Structures are given as structure tokens and as C-alpha cells.
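For reference, the structure is listed below as C-alpha cells.
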Amino acid sequence: MNFDSPYNPKETEDKIYQLWEKSGFFNPDNLKSAKKPFTIAIPPPNITGSLHMGHALNATIQDILIRFKRMQGFKSLWVPGIDHAGIATQSVVEKKLKKEGKTRFDLGREKFVEEIWKWKNESGNRILDQLKRLGASCDWSRTRFTMDNGYNAAVLEAFIQYYHKGWIYRGERVVNWCPRCQTSLSDLELEYQEEKTHLWYIKYPLALRQAQGDNNYIIVATTRPETMLGDTAVAINPKDARYKNLVGQNVLLPLANREIPIIADRIIDIGFGTGAVKVTPAHSLVDWQIGQAHQLPMISVIDERGRINDNAPEIYRGIKVEEARKKIIDDLNAAGLMEKIEDYTHSVPKCYRCDSTVELILSKQWFVKMAELAKFAMAPVKTGKIKFHPKRWGKIYLDWLKSARDWCISRQIWWGHQLPVFFCQKKQEEFSISNFQFSNKNDEEFIISIQKPKECPFCKNCEMKQSEDVFDTWFSSALWPFAILGWPARLASESVAGRPAPTSDLKTYYPTDVLSTARDIINLWVARMVFSGEALVKKPPFREVIIHATIITKEGRRMSKSLGTGTDPLELIEKYGADATRFGLAWQISEAQDIRFGEEDTLAGKKFCNKIWNASRFVLLAQSGVSHPTGDHPKGGKSLTAADKKILAGIKKLEKKVTKHIEKYEFGKALHLLYEFFWHQYADIYIETAKQQLADEKLKSQTQKMLLEVHTSLLKLLHPFLPFITEEIWRTFGALNGSKNLLITEKWPN
RNA sequence: GGGCGGUUAGCUCAGUGGUAGAGCGCUUCGUUUACACCGAAGAGGCCGCAGGAUCAAUCCCUGCACCGCCCACCA
């Protein structure tokens with residue numbers, strides 16, 4: 001180690017990280033003296049991802065905790081891994097193909113999935129390597145992937161168990177559909193964007209004309225004129241005096257030339273538009289509900305590519321939705337049926353992966369019933385078995401669960417876990433959305449099975465066909481905390497009556513202790529992990545949930561690569577070093593909802609590292625010519641000066657406070673205290689005093705011991721925050737007293 | 001429409017029922033054997049606005065304003 005120049009992270013970090021990896025201490029099985037386990041399951045980053053500030057912050061938080069607990073003597077396990085990220089990954093590879101002028105359909109399913117695996121093997125580990133650069137002390141020997149063999153088994157097992165409990169059903173519903181990704185989406189995979197559009201007031205002529213001349217039609221207001229081709233009713237509120245006498249009559253649906261009834265339903269808002277609303281059960285959720293209540297037929301007019309289908313009049317078929325809207329407006333104008341147009345602003349759902357406008361279409365999908373599972377998810381939070389930090393997120397979590405709708409878990413993409421569902425070919429009619437003019441088709445015959453049945457149990461002589469659908473990515477990530485620990489693998493010795501028995505990892509490390517994540521996936525992920533854990537393993541998956549702040553730019557804007565507004569944590573590491581980067585992040589941690597990230601704090605971290613570096617040099621130089629017999633402790637000596645006593649007392653207090661803050665997940669506070677103490681109490685005051693004491697022969701030896709004592713205590717306290725530099729310095733100090741222990745496993749001083 | 005968070009020094013943010021703090025920036029001075037990625041000293045704040053309970057509020061309560069986030073089936 002070269003103390004003659006400022007601290008150089010580049011010379012240290014790789015070397016130290018290799019030392020740690022070689023030591024094997026990231027794997028808690030090698031922590032011989034450790035007793036109680038402490039576990040964190042990393043929120044698996046997407047395989048397509050590259051480390052961003054959010055990851056860096058979260059990794060810093062988790063690593064501080066893991067290192068802290070490891071030093072405290074816990075069997076600390078931080079399990080790393082990656083998520084296959086169905087739609088996201090598929091679109092990355094699709095984009096790559098597009099450059100070659102191909103689509104996934106050109107390749108076919110098998111070849112395409114092969115392409116993705118190839119891509120995964122080439123660049124899928126990038127983010128994990130980046131985490132290492134930050135100093136993350138994960139147990140890499142336990143690295144998992146949501147599509148590795150064991151994990152696949154967990155996904156199928158979960159589905160089958162849910163199915164047998166009656167919590168899964170297949171049904172034709174109005175679902176969110178991304179026309180670009182060609183798949184269904186769950187409600188949580190939508191992002192709403194405000195759009196300025198219009199409210200069109202359209203005249204629907206009454207089929208049975210009244211004597212009074214001005215009652216020839218009823219006017220409906222809509223933001224989606226194009227879906228009128230699929231209208232099967234006009235609805236009004238039963239209390240609306242304006243239309244009371246029209247209920248039960250029919251109108252002649254313009255353009256489509258069908259007669260549809262006027263119905264009354266309390267769900268209709270009298271104040272919206274004209275108070276009369278067109279009902280399109282196949283393309284709107286509310287309308288679907290109305291349709292169910294009034295037994296209306298469903299006419300699907302938009303297909304899975306976002307085009308008008310064959311259920312519409314011929315002139316509109318095959319046209320994209322946006323164009324169909326224009327054409328229909330023109331045609332209504334031409335027919336004199338457009339009453340008026342108003343400006344209107346409302347939120348339009350977009351695909352969270354590709355930003356396309358999401359259509360609501362009628363489709364047969366698999367759903368998880370939320371009624372039971374929401375109870376599972378709520379119970380441990382209500383009883384305090386799971387605690388949120390900050391507390392307020394617990395309420396948000398519960399609020400969502402109270403009204404959560406059934407979860408659509410099937411996706412029509414190719415990258416993911418294929419549903420373990422097999423259909424009888426003979427009885428299965430080829431599924432095509434445009435065939436669904438009317439509902440009430442009976443379910444096809446299918447069976448749920450991990451392996452393809454040898455014989456079709458229905459017709460006895462067909463080759464059964466597996467469902468082409470894959471699971472929603474979140475269905476598999478919901479199993480993360482226990483799937484990564486071995487669930488549902490059966491150990492012959494432990495299996496009980498054929499039921500899944502926990503593996504030893506599951507026994508030892510489950511439930512995990514802390515989950516640290518971002519607030520935007522509380523419902524998407526956290527809630528689902530909780531009910532999955534409760535339902536499948538009978539235990540909540542973690543005890544504490546840390547919801548960390550979102551990192552935004554100093555100007556208050558979202559950090560985004562495409563906007564060019566992001567800070568790249570790897571650049572920070574390059575520029576300031578990993579410790580400084582961690583410092584810059586930890587320094588800004590508080591309970592606030594956002595962190596407006598300023599690079600100055602990273603610079604401060606770099607300077608702090610240098611301060612530690614130089615103070616260490618001083619302490620080492622001051623030791624020259626001294627040998628320290630082990631056990632020779634300065635404490636209690638009669639010769640302690642006032643300064644000695646003060647710094648020792650200060651350290652004691654600091655140890656208590658830092659411990660307390662880390663335990664309360666107040667990492668920013670802990671770091672501020674450490675910084676203040678090291679720099680101003682220790683370096684500015686004590687070291688300066690020590691210089692004088694060293695010059696005094698009577699105090700010299702005592703002071704040398706004091707410096708070493710205080711310094712090593714501080715290195716320990718700093719280690720979870722600044723692991724590289726503290727470990728590097730620790731090695732030099734170890735050389736002094738013959739100790740070869742790594743700092744990562746030194747005992748936490750409290 | 002509902003809920004939540006924020007409003008403190010030029011910037012980013014801590015903080016406490018009783019003289020207001022940090023990092024960065026700024027000013028002045030300082031190369032004495034850890035460190036100029038430093039040290040010493042300093043400037044800079046009606047702690048968003050208006051009320052209320054209190055001996056006393058930046059901190060507690062109420063209302064308001066502005067910024068931001070989330071949820072919701074206004075078609």
C-alpha cells in the first residue's frame with residue numbers, strides 16, 4: 001500500500017473485492033461462529049438492465065445492512081439474481097431482429113426463444129458485474145435466475161397449487177392489450193398519460209320514432225367514437241328524468257345499422273356529457289360490467305393488432321383504430337349525426353414497456369382471484385408481522401389491496417414460463433379474438449399438468465397441445481424470496497406425505513428479514529410476494545420492507561436515459577471510486593420521497609476517503625518503533641489525558657448511535673454522525689492533541705495505543721458504508737499486530 | 001374526485017417546544033513533520049403564508065398557497 005499519494009480507488013477496489021470473494025465470507029455457510037441468520041433477497045434486476053442510480057442506492061442500502069449484520073455475527077446472506085423480464089427482454093431482442101429486417105414470427109417460437117437465451121448468455125450478467133463494482137457482498141454462489149430449472153419448477157408448482165385451491169380461473173374478459181407487444185397486460189402494467197382529445201356528441205336515431213319532432217334521436221357523448229361499431233346498448237341513469245320514457249326502446253346504431261336497446265343503470269353519471277352513454281361491452285371495463293348486468297351481447301370490433309375486425313361493416317375492416325376514428329367521424333358528419341365536439345382531456349393507458357396506447361379487448365385469459373389472496377397479503381401488515389419503513393407506505397399497500405381486481409397472469413409472448421396447461425386438440429377450437437362475436441362459449445377441455453400427458457383424458461386419442469401463453473413476469477417474481485431458497489424442491493428425507501418439504505436453505509434463511517425496494521413496485525411486486533409467501537409457504541416472505549426514495553435529477557426531473565437526464569453510477573465509480581459513490585448515496589438517504597441527486601456529495605465522499613487515508617497514514621507513522629503486545633489496552637490507564645478520555649467516551653457514544661441508526665434504517669443519519677466525528681472530533685481535535693502528546697515522552701506510548709484503538713474502532717464503524725478503503729487500511733494495520741483477519745468479519749463494536 | 005409527500009443559507013438537504021445545522025459554493029488568512037481532496041476564521045436564513053392552543057414554535061393544531069407523487073370504471 002502506498003500512502004505517499006492520495007487514496008486511489010482504482011488500485012484498491014478490484015484487489016480488495018477479489019480478496020473478499022476468495023475468503024468465501026459472502027457465503028454465510030463459511031461464517032463459522034455465526035449463529036442466527038439474517039437474509040436479504042435482492043430485488044432481481046431485469047436481465048435487460050444496466051445499473052442505474054436506483055439500483056445503486058438500493059444496493060448500497062442492502063450492502064450496508066448485510067455488512068453490518070455480518071460483523072454483528074449473523075449468518076448474513078444476500079442472495080443475488082436476475083429477472084427474465086418477459087416483455088422487456090422480448091422487445092429488446094425483437095428490436096435487434098428488426099435491424100436485420102426480421103420479426104419474431106419469421107423465426108418462429110423455438111428459434112426466437114433460442115435467440116433470447118443467446119442474448120442472455122452474452123449480456124445478461126452485466127448488471128451483476130456492475131453490482132460487484134459497487135462492492136455488493138452478495139453470495140454469488142447462490143445466484144438465481146427466474147428461469148433456471150429450479151425456479152421453473154417453483155412457478156409451475158405455484159400455479160398448480162393455486163389452481164387446486166380454486167384461486168385460478170380461465171375466462172373471457174375485457175383485458176388490457178398492447179397491440180405492439182401483442183399481449184395482455186395486468187392493470188399494474190399500465191401507465192396513464194394525459195391526452196388532449198375531444199368529446200364527441202353523436203346522435204343515435206330512435207328506431208321507433210316518437211310523434212314529437214325533437215325526440216327523434218338520443219345524443220351520446222364519447223371519447224371513443226370508433227368503438228361504436230361494437231355498441232350493444234345505450235345507457236342512462238334511471239333517475240334521469242330526461243330519458244326516463246325512452247328506456248326499453250331501441251335506437252338504430254348509425255354506421256353499423258343494428259338496433260340496440262336503451263337501458264337504465266345506476267352506474268351512469270347523470271352529469272357526464274348528455275347523461276346518455278354508448279355501451280361497448282367488448283372494449284370497456286365499465287361497459288363490460290353493464291353488459292354483464294343486463295345480459296347484453298358483446299361484439300368485439302378491435303382485433304389484437306389494434307385494427308377493426310370483421311364484425312364491423314366492411315368499409316372499416318382492417319383499418320387501424322386511430323384511422324377508423326377519423327373515418328367514423330367523417331362518416332357521422334356526412335350523415336348529419338354529429339351534434340357537437342368539445343375539447344376534453346383525460347388519461348389514456350399506455351404500455352409500460354413500449355408506450356403504445358393500450359386497447360381494451362375481449363380475450364380469453366387466465367386470472368388469479370384476488371379476494372382470498374388479498375386477505376393473505378393484508379393480514380401480516382395489519383398485525384405488524386411485516387413493517388414498512390417509512391410507515392406511511394403500509395397504508396398505500398393496504399389501500400390498493402382493498403380494491404384489487406383479479407390479476408390477469410397470462411401473456412401472449414414467447415419469453416417466459418409456459419403455462420402447464422394442456423388442451424384436447426379435438427375439442428379445442430382455435431382461439432382467435434375475432435371469432436368471439438358473442439360470448440358464452442364453453443371452456444375447452446384442458447388439464448393442468450407439469451408434464452405433457454401421454455394420453456388425452458378427454459378424447460383418448462389426440463396429441464395434447466400445451467397452452468402457448470406464458471406467465472406474467474410478476475407471477476414468477478412473486479415467488480422470489482422462497483423460490484431462490486429452494487422451494488418447492490422435495491428432499492426425500494424430509495418429504496411428508498408427498499407434499500413439498502422445505503430444503504435446508506429454506507429452513508434456515510426463510511423468512512428473509514429485510515426487503516428493500518422502490519415505491520413503484522409496492523403493488524406490482526411486494527404485495528404479490530406477501531400473499532404468495534403466505535399462501536404457499538405459510539409464512540410472510542420478510543419482516544421489514546424498506547421503501548427507499550426515488551432518485552431524480554437536481555432539477556426535479558425524472559432520471560431517464562432517453563431524456564439524457566440520468567446520472568450513471570458507473571461513471572461516478574470511475575470518477576470518484578466506489579466508496580465515494582456509496583457515500584454520496586448514503587449521505588442523501590432520508591425518509592423523503594425523492595432524492596434530488598447532487599454529485600457534490602459524491603465529491604465529498606471522495607474527500608472523506610482521502611481524509612481517512614491520510615489520518616491512517618499519520619496513525620501508522622506514529623506507531624513506528626512500537627510493538628504492541630496483544631491485549632495491551634489503553635482503557636483504564638491512569639495516565640489517560642482529558643483528550644484521551646473525551647475521545648474514548650465519544651467513540652462509545654458514536655458506536656451506540658450508529659448502531660441504533662442502522663437498525664432503524666436511518667443510514668443517512670448514521671453516516672452524518674460518522675463523518676462529523678471522524679473529521680471534526682477525531683481528526684481536527686484529537687489527532688492534533690495527540691501530536692503534542694506524542695512529543696511528551698511520558699505520554700508517548702499511551703498515545704500510540706490510543707490512536708490505534710480509536711482508529712480501528714472507526715474503521716469498523718465505517719466499513720459498511722466505505723468497505724473498500726476501510727478493508728485496505730485494515731490490512732496494513734493487521735500487518736502491525738500480526739492479525740490477518742479481514743475487516744468484513746471483524747466484530748462490530750457494540 | 002380521493003390519498004400522500006414537500007416548502008429551512010446561493011444549490012441539495014438534515015434538525016429540535018426555548019441561542020438555527022451539514023455538504024457543496026462564497027470571503028479572508030495560513031505551505032509548522034497525516035492530509036491544499038487541508039487547516040483557521042467568516043459572510044449568508046422574518047425555517048412558504050395566515051390564524052390557534054402555549055410562558056415560549058421552524059417544530060404541535062387549523063386553514064390556505066405553490067411544487068411533486070400515487071390511486072380511481074367519468075364512458
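Residue numbers start from 1 in every chain, and the chains themselves are labelled A, B, ... in the order their sequence lines are given, proteins ahead of strands. Computed from a predicted model, the values in this text were never measured in an experiment.
For the pair A:Ile361/A:Val174, no side-chain contact is recorded, criterion being any heavy-atom separation below 4.5 Å from C-beta on. Annotation: side chain of A:Gln289 is in contact with side chain of A:Ile267 (closest heavy-atom distance under 4.5 Å). A:His711 is listed as a side-chain neighbour of A:Phe678, based on a closest heavy-atom distance under 4.5 Å.
When the C1' atom of B:rG15 is taken as reference, atom CD of A:Glu666 falls 12 Å away, rounded to whole Å. Atom pair A:Arg392:CZ and B:rC69:C1' shows a separation of 10 Å (rounding to whole Å applied). Summarising the geometry, the separation between CD1 on A:Ile595 and C1' on B:rG23 is reported as 14 Å, rounded to the nearest angstrom. Following rounding to the nearest Å, A:Arg596 (CZ) and B:rG5 (P) show an atom-to-atom distance of 18 Å. Between the NE2 atom of A:His672 and the P atom of B:rC13 there is a distance of 12 Å, given to the nearest Å. The nearest whole Å value for the distance from the CD1 atom in A:Ile522 to the P atom in B:rG3 is 18 Å. Summarising the geometry, the separation between CG on A:Asp594 and P on B:rG5 is reported as 13 Å, rounded to the nearest angstrom. Rounded to an integer number of Å, the gap from A:Asn610 CG to B:rG39 P is 11 Å.
Counting any heavy atom pair closer than 4.0 Å across all strands shown, A:Trp288 reaches no nucleic acid atom. A:Ala592 comes within 4.0 angstrom of sugar-phosphate atoms only, judged by non-hydrogen atoms across all strands, and of no base. A:Lys606 comes within 4.0 angstrom of a nucleotide base, judged by non-hydrogen atoms across all strands.
Where A:Ser403 and A:Trp393 meet RNA chain B, the nucleotide closest to each residue was compared, and A:Trp393 sits on the side nearer the 5' end. Mapping A:Asp684 and A:Gln588 onto RNA chain B via the closest heavy atom, the residue that lands nearer the 5' end is A:Gln588.
On the C1' atoms, B:rC69 is 33 Å away from B:rA53, given to the nearest whole Å. Spacing between B:rA20 and B:rU8 at atom C1', rounded to whole Å, works out to 9 Å. Atom name C1', nucleotides B:rC49 and B:rC55: the rounded distance is 26 Å, in whole Å. Spacing between B:rA57 and B:rU16 at atom C1', rounded to whole Å, works out to 10 Å. Straight-line distance between the P atoms of B:rA43 and B:rU28: roughly 15 Å, to the nearest whole Å. Distance check on atom P: B:rG48 versus B:rG10 gives 13 Å, rounded to whole Å. One C1' atom belongs to B:rG2, the other to B:rC73, and the distance between them is 15 Å to the nearest Å. B:rG15 and B:rU58: their C1' atoms are spaced 10 Å apart (whole Å).
Interface remark: the A:Lys611 side chain does form a donor-acceptor pair with the B:rC35 base, using a distance-only criterion of under 3.5 Å. Between the base of B:rA34 and the side chain of A:Glu688 there is a donor-acceptor pair shorter than 3.5 Å.
Not one N or O on the side chain of A:Asn176 forms a donor-acceptor pair closer than 3.5 Å with the backbone of A:Ser184. A donor-acceptor distance shorter than 3.5 angstrom exists from the side chain of A:His672 to the backbone of A:Gly668, with no hydrogens or angles considered.
A:Phe583 and A:Phe721 have their aromatic ring centers separated by at least 6.0 angstrom.
Taking all atoms of both residues into account, the shortest heavy-atom contact from A:Ile260 to A:Asp231 is CG2-O, 3.7 Å. When every heavy atom of A:Leu285 is checked against every heavy atom of A:Arg405, the shortest pair comes out as CD1-NH2, 3.2 Å. Looking at every heavy atom in both residues, A:Leu373 comes nearest to A:Lys369 through CD1-O, 3.6 Å. Closest heavy-atom contact between A:Asn523 and A:Tyr397: OD1-CA, 4.2 Å. Closest approach of A:Pro297 and A:Thr232 over heavy atoms only: O-OG1, 3.0 Å.
A close approach under 4.0 Å does not occur between any side-chain nitrogen or oxygen of A:Arg519 and OP1 or OP2 of B:rC69. OP1 or OP2 of B:rA34 lies within a sub-4.0 Å distance of a side-chain N or O belonging to A:Lys691. For A:Lys395, no side-chain nitrogen or oxygen approaches OP1 or OP2 of B:rG2 to under 4.0 Å.
Judged by a 6.0 Å distance limit and a 45° cone about the ring axis, A:Arg173 is not positioned over the six-membered ring of A:Trp288. Cation-pi geometry between A:Lys340 and A:Tyr201 is satisfied (NZ or CZ under 6.0 Å from the ring centre, within 45° of the ring normal). Cation-pi geometry between A:Lys395 and A:Phe388 is not met: the NZ or CZ atom fails to fall both under 6.0 Å from the ring centre and inside 45° of the normal.
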Using a 4.0 Å cut-off on protein heavy atoms (strictly under), produce a 5'-to-3' string for nucleotides 24-31 of chain B with B for base contact, S for backbone-only sugar-phosphate contact, and - for none. S-------
Close N or O pairs between protein and nucleotides 73-75 of chain B (under 3.5 Å):
{"from": "B:rC73", "atom 1": "OP1", "to": "A:Arg405", "atom 2": "NH1", "distance (Å)": "3.2"}
{"from": "B:rC74", "atom 1": "O2", "to": "A:Asp269", "atom 2": "OD2", "distance (Å)": "2.8"}
{"from": "B:rA75", "atom 1": "OP1", "to": "A:His346", "atom 2": "ND1", "distance (Å)": "2.8"}
{"from": "B:rA75", "atom 1": "OP2", "to": "A:Tyr344", "atom 2": "OH", "distance (Å)": "2.6"}
{"from": "B:rA75", "atom 1": "N6", "to": "A:Asp269", "atom 2": "N", "distance (Å)": "2.7"}
{"from": "B:rA75", "atom 1": "N6", "to": "A:Asp269", "atom 2": "O", "distance (Å)": "3.4"}

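Listed by first residue number, the stems of RNA chain B with at least three Watson-Crick or G-U pairs below 3.5 Å are B:1-7 with B:65-71, B:10-13 with B:21-24, B:26-30 with B:38-42, B:48-52 with B:60-64.
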